[in-house]
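The analysis underlying the following values was restricted to heavy atoms, covering all of them including side chains, and did not include hydrogens, waters or symmetry mates. Order of listing sets the numbers, starting from 1, for every ligand and every atom in it.
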Amino acid sequence: MWTTKRPAVVIIGAGIGGIATAAHLAQRGMQVTVVEKNAWPGGRCDHFERDGHHFNTGPTLLIMPKVYEQEFASLGIALRERLDLRRVDPTYHLVFDDGSQLALTSDLQRMCAQLEAIQPGSFQGFLRYLGEGYRHYNVAMERLVERDFRTASEFFAFSNAPLLFSLKPLTQHYHHMGAYFSDPRLKAAFTFQDVYMGLSPFEAPSTFSMMASTELAHGVWYPKGGMYSVVEALMEAARAAGVTFLFRAAVGRIDITDGRARGVTLVDGRTLAADAVVANADLPYVYQRLLPDNDLAQQFEHKQFSCSAISFFWGVDKTYPQLEPHTLFLADAYRDNFERISSLRDLPENPSLYIHAPARLDADAAPAGQDTLVAVVPVGHLDDAGKQDWRRIRARARQSVFNRLRLVGVTDLQEHLKFEVNYVPLSWRKRYNLAKGATHGLAHTLTQLGYLRPHNRHPLYHNLYFVGASTHPGTGVPTALVCARQVAERLTEDIQSQALIAARG
Ligand SMILES: Cc1cc2nc3c(=O)[nH]c(=O)nc-3n(C[C@H](O)[C@H](O)[C@H](O)COP(=O)(O)OP(=O)(O)OC[C@H]3O[C@@H](n4cnc5c(N)ncnc54)[C@H](O)[C@@H]3O)c2cc1C
């Protein structure tokens, strides 16, 4: 493909976006080196094993399977041959404060019986809501996610004006739920997914009804071996294409001279020269810590970041069959929960929380007769004043988990813990250099979407690119895969046009 020297690209970070971009570029014949501060790849899509217990520490849900299929295919990987995927249905078991439950399932008869028992007449509302979400999914994927907005005019084009009606970006999601349901439990059941975008349903646009819809229509899936098998599949493709990986290699700065990125300098002093640099490390962190321009870095002081999480990883000496693969406890004080998290950067009094029991899906996740449990409690991100007392907040979060588990008959978990590992927002920042410890990067508010989200190419240094959650299109593993392909395509186009100009002299 290259008539002269093969272009050399350095990628900072071996998260999903970094590995996938590396594989794409190496498959196009470039010489690609990925430098990762940690000793292993995956970034937030991480895992660990202890005493036979296997934990997914980041993603636990493979959603938008069609996107995975398409993006794996673009790397020459047949998704369903490479990963042993099983559909999780019911997707979630929701438990409300009064003890009532709702299993979200694609079995419409079962959904009808459950919904009508909670709010008579709500099944029709559910079908209408799913229909709208499905339309949102299709339009948003085609017109927003799959589009690599390179100029403002592409985003603000007159032809995009109908999106203001078809995607309802100006309507607040929770408020809009009144058109479908009156029972607050049902409004919560189909809006909690906004947290995946780092948003509260009280600020998220109604566009995100697409999440509940794709989960029920296309399914929530689980790969055998856990979500880390996605990382392993991508690493295999990258290595086969000739990518070099350097681990325990933290980048200290991106070297900029005469308006171009010349490569990177590692914290240990080594330098790597490059024709182009791709930053997969969290974008606000890159602007603030690895680049020289303070005025550009300062814009992030005013951006809105997603929430963070306190996670507990427990090895347990018995099993709790009453816990399904994905159980969500949704608090009655739903609005207050989100306000405490987004505005006060705190932990709510009675927080909504999530429990993952991977051994229900994959017997190898725990030793026989034992259980592996992950509890995730959303919490505000790090405040700049550093006044949050994480020891105290973590103790409250832990107690909330034990209290809530009583609702499903789990009363003796504390006595059966073999060990505990936990992460607080400081851990997310330290492990992956996530700005403010915000687990999903920059939030997906209206003013931080599409062309308004930080771009995939630096505005001044045109051979410096960004891939990952805080850039366009946004957070999540499937989105990172789309982003990686788009960045690889753009970088290739840019290098080819520069080579053409150079050849013309
Ligand atoms: C708790 C949690 C739950 C989630 N659940 C889901 C889910 O169920 N489904 C889903 O699809 N998504 C989920 N996500 C989101 C998903 O994990 C991410 O959006 C996705 O992994 C994309 O990551 P990324 O490409 O932005 O890279 P990142 O994961 O951010 O990786 C960036 C890499 O850069 C490295 N790095 C940083 N600084 C440097 C430096 N100076 N030098 C060298 N290397 C550096 C980091 O160590 C890291 O490995 C979840 C995330 C979290 C945290």
K.L.:
Are any of the N/O atoms in L434 less than 3.5 Å from those in ligand 1?
P.N.:
no

K.L.:
Do any nitrogen or oxygen atoms of G17 come within less than 3.5 Å of a nitrogen or oxygen of ligand 1?
P.N.:
yes

K.L.:
Heavy-atom pairs closer than 4.0 Å: do any link ligand 1 to the side chain of N280, the backbone, both, or neither?
P.N.:
both

K.L.:
Is the terminal nitrogen or CZ of R80 (NZ for Lys, CZ for Arg) located under 6.0 angstrom from the six-membered ring centre of W221 and within 45° of that ring's axis?
P.N.:
yes

K.L.:
Using a 3.5 Å cut-off on N or O atoms only, is M227 in polar contact with ligand 1?
P.N.:
no

K.L.:
Please report which non-hydrogen protein atom sits nearest to atom 11 (O) of ligand 1, along with the residue it belongs to and the distance in Å to one decimal place.
P.N.:
V477 N, 2.9 Å

K.L.:
For Y174 and D194, which I'm curious about, is there any donor-acceptor pair between the side chains at under 3.5 Å?
P.N.:
no

K.L.:
Any idea which atoms of ligand 1 are less than 4.0 Å away from a heavy-atom of T439?
P.N.:
53 (C)

K.L.:
To which protein heavy atom is atom 35 (C) of ligand 1 closest, and what is the distance rounded to 0.1 Å?
P.N.:
E36 OE1, 3.3 Å

K.L.:
Of all the non-hydrogen atoms in the protein, which one sits nearest to atom 31 (O) of ligand 1, and at what distance?
P.N.:
G15 CA, 3.3 Å

K.L.:
For R360, what residues pass the salt bridge (charged side-chain N to carboxylate O under 4.0 Å, His left out) criterion, not counting sequence neighbours?
P.N.:
D371

K.L.:
Roughly how far, to the nearest 0.5 Å, is NZ of K436 from CG of L442?
P.N.:
10.0 Å

K.L.:
N/O of T57 under 3.5 Å from N/O of ligand 1, yes or no?
P.N.:
no

K.L.:
Which residue from A249, A281, G18, A20 reaches closest to atom 36 (N) of ligand 1 through any of its heavy atoms?
P.N.:
A281

K.L.:
Establish, yes or no, whether the cationic atom of R82 lies under 6.0 Å from the six-membered ring centre of F72 and within 45° of the ring axis.
P.N.:
no

K.L.:
Side chain to side chain contact (heavy atoms under 4.5 Å, CB included) between H444 and S306: does it pass, once the steps are laid out?
P.N.:
CA-CA 8 Å; H444 295 67; S306 69; over 6 Å; no

K.L.:
In terms of residue, atom name and distance, what is the protein heavy atom nearest to atom 39 (C) of ligand 1?
P.N.:
N433 ND2, 3.6 Å

K.L.:
Kindly indicate, with the supporting measurements, whether the criterion side chain to side chain contact (heavy atoms under 4.5 Å, CB included) is fulfilled by L290 and V264.
P.N.:
CA-CA 9 Å; L290 303 185; V264 298; over 6 Å; no

K.L.:
Considering only non-hydrogen protein atoms, determine which one is nearest to atom 30 (O) of ligand 1 and report residue, atom name and distance to 0.1 Å.
P.N.:
R44 NH2, 2.8 Å

K.L.:
So that I can tick it off, tell me whether D255 and R253 are bridged by a salt bridge, with the cut-off set at under 4.0 angstrom between side-chain N and carboxylate O.
P.N.:
yes

K.L.:
Among G468, S311, P59, which residue places a heavy atom closest to atom 5 (N) of ligand 1?
P.N.:
P59

K.L.:
For F96 and L94: C-alpha separation, side-chain torsions, deciding distance, then whether side chain to side chain contact (heavy atoms under 4.5 Å, CB included) applies.
P.N.:
CA-CA 7 Å; F96 302 98; L94 307 183; 4.2 Å; yes

K.L.:
Hey, does A480 come in under 3.5 Å of ligand 1, counting only N/O atoms on both sides?
P.N.:
no

K.L.:
Please report whether ligand 1 has a polar contact with Y68, defined as an N or O pair separated by less than 3.5 Å (distance criterion only).
P.N.:
no

K.L.:
Among protein heavy atoms, which lies nearest atom 18 (C) of ligand 1, and at what distance?
P.N.:
G476 N, 4.1 Å

K.L.:
Does the N or O separation between Y285 and ligand 1 drop below 3.5 Å for any pair?
P.N.:
yes

K.L.:
Judged by non-hydrogen atoms, does M64 sit under 4.0 Å from ligand 1?
P.N.:
no

K.L.:
Can you tell me which residue pairs pass the side chain to side chain donor-acceptor pair (under 3.5 Å) test with a partner in residues 269-290, sequence neighbours excluded?
P.N.:
K5-D275, D268-R270, D282-S470, Y285-N433

K.L.:
Identify the protein heavy atom lying closest to atom 43 (C) of ligand 1, giving its residue, its atom name and the separation to 0.1 Å.
P.N.:
K37 N, 3.2 Å

K.L.:
Taking E420 first and then R398, would you say they form a salt bridge - that is, a charged N and a carboxylate O separated by under 4.0 Å?
P.N.:
yes

K.L.:
I'd like to check whether V251 has a polar contact with ligand 1, where a contact means an N/O of the residue lying under 3.5 Å from an N/O of the ligand.
P.N.:
yes

K.L.:
If I apply the N/O under 3.5 Å rule, does D282 come out as touching ligand 1?
P.N.:
no

K.L.:
Taking non-hydrogen atoms only, is V467 closer than 4.0 angstrom to ligand 1 via side chain, backbone, both or neither?
P.N.:
neither

K.L.:
Looking only at protein heavy atoms, identify the closest one to atom 50 (C) of ligand 1 and say how far it is in Å.
P.N.:
H440 CE1, 3.7 Å

